[in-house]
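Every heavy atom of this structure was used, including side-chain atoms; hydrogens, water molecules and symmetry mates were not. Every chain is numbered from 1, with letters handed out A, B, ... down the list of sequences.
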Number of protein chains: 2
Amino acid sequence: MTIAEPTVETAGRDRILDEAASLFLKQGYEAASVRRIAEAVGMQAASIYHHFNSKEDLLEVILHRGLEVMTVAFDDASTATLGAPGRERLAAHIRAHLAALYENGPYTATHVTTFRTAPENVRTTIVPQRDAYEALWTTLLNDLLTSGVLTPDTAVGPARLMLLGGMNASVEWFDPQRGSLDDLAHLITRQTLYGLSNPLKN
Amino acid sequence: MTIAEPTVETAGRDRILDEAASLFLKQGYEAASVRRIAEAVGMQAASIYHHFNSKEDLLEVILHRGLEVMTVAFDDASTATLGAPGRERLAAHIRAHLAALYENGPYTATHVTTFRTAPENVRTTIVPQRDAYEALWTTLLNDLLTSGVLTPDTAVGPARLMLLGGMNASVEWFDPQRGSLDDLAHLITRQTLYGLSNPLKN
DNA sequence: AAGCCTATCTAACGAACGTTAGGTAGGCAA
DNA sequence: TTGCCTACCTAACGTTCGTTAGATAGGCTT
């Protein structure tokens, strides 16, 4: 058990995390000042430091939480599609990753957009958990490869990077208010598996 | 007069742009201070302001240049593949965009990574040129669609977003020092056209 | 030789930054 | 009722930020 039910104690802390993650997502880590985060929460900048040791600490917690949201989504998709056909399993995991990006708070999207330029010590702390998440995808794609769902000459490493990169890149253009997440998931799944080429014309 | 041949005059200015773009790429726009940029160039911070009006101005010039590099690469690919088969034309333009990202200075990569969180007035200034570049891709994909190279039910808008997003996302993991750009271009072209699915197993 | 222009410098400005010290008010426990 | 603990506050710290003013040194023009 990692996530407690929201109590009065954690409410203030979680409010700070929510607003900080949203601001980091919109403006970037450096541009979002502690004072602006505090203002969004409705408190003074100094009060942030009752809950977190530093601004870097705040970012670290947010990046970890974003990764946790992804990982939980992935695991849920795995158990939900145990024994299902390969393409269905892939579709479910793609949909799960996109749901983590757009339907479970700003944490995953913030992770995706701010990790690359995060302070080095923060990045270093996050890397193991990040590797673990990527390993989940490697295992999934390897399963699909050995079961014959993917072309035998598929390079799993690059395929994983392109798939995750493609999904994450959607934060640049996909607006969950305007588009359906199911449509997006279907689009990416279809394009990943079958591509754009017209099979009738070669 | 907009672009002069490189003289001793513009050399200092271009040095500043190079170092600034590299730092913006590595650390982000806000984290890279004018003093650090000046230090990388080998001058004092105040000297930057002999060449640029403000830090925002510096970013704006860099973003524009990144877009110009992309556009020139696209146009070169277009003229180089006039009358060529559709898939070859697509491959050439993918390769051109990736070359702009990795082989023509840090400008295009910096554009891709910093545009989303750039100050709003800077973003506003850039948008028209950005729309023009995306329109080039829309035209190309529409050509491929009407000539039957792409599946008739291809949605060109999302396809363009996914293709550009996928290529741009490679800046997160592709290292031009370690990997071949031709390999990357081939990988993305192949995956875009044909996907990962094993055609022998449905 | 005189004057100007370009490119840089030193020095400093006010503002904003992350952060700390110390205080206060309210709830819970003894 | 007293005392403590949590969650905030006000005030301020030293640092760094983007930026400006003004000086200087070297080269080109006349």
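Counting only residues at least two apart or on different chains, the salt bridge (Lys or Arg N to Asp or Glu O under 4.0 Å) pairs with a member in residues 89-114 of chain B are B:Arg89-B:Asp143, B:Arg95-B:Glu103, B:Arg95-B:Asp182. Pairs of residues two or more places apart, or lying in two chains, that qualify as salt bridge (Lys or Arg N to Asp or Glu O under 4.0 Å) and include a residue from residues 144-155 of chain B are A:Arg190-B:Asp153.
A centroid separation of less than 6.0 Å is found between the aromatic rings of A:His93 and A:Phe74.
Here B:His50 does not reach the OP1 or OP2 of C:dC9: none of its side-chain N or O atoms lies under 4.0 Å away.
Protein atom CD1 of A:Ile48 is 14 Å distant from nucleotide atom P of D:dT10, rounded to whole Å. For the pair A:Arg13 CZ and D:dC8 P, the interatomic distance rounds to 13 Å; values are reported in whole Å. The CG atom of B:Asp57 sits 9 Å away from the P atom of D:dT19 (whole-angstrom rounding). When the P atom of C:dC5 is taken as reference, atom NE2 of B:His51 falls 17 Å away, rounded to whole Å. Between the P atom of C:dC17 and the CZ atom of A:Arg36 lies a distance of 8 Å, rounded to the nearest Å. D:dC17 atom C1' lies 8 Å from atom NZ of B:Lys55, rounded to whole Å. Between B:Tyr49 atom OH and C:dT8 atom P the separation is 16 Å, expressed in whole Å. Separating the CG atom of B:Asn53 from the C1' atom of D:dT20 is a distance of 13 Å, rounded to the nearest angstrom.
A salt bridge between B:Glu19 and B:Arg15 is present, with a side-chain N of the basic residue lying under 4.0 Å from a carboxylate O of the acidic one.
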Can you tabulate the close N/O pairs, meaning under 3.5 Å, that link protein atoms to atoms of nucleotides 10-16 of chain C?
| residue | atom | partner | partner atom | Å |
| --- | --- | --- | --- | --- |
| C:dA12 | N6 | B:Arg35 | NH2 | 3.4 |

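Considering OG1 of A:Thr139 and CZ of A:Arg160, their distance stands at 10.0 Å, rounded to 0.5 Å. Rounding to the nearest 0.5 angstrom, the gap separating the CD1 atom in B:Ile62 from the CG atom in B:Leu58 is 4.5 Å.
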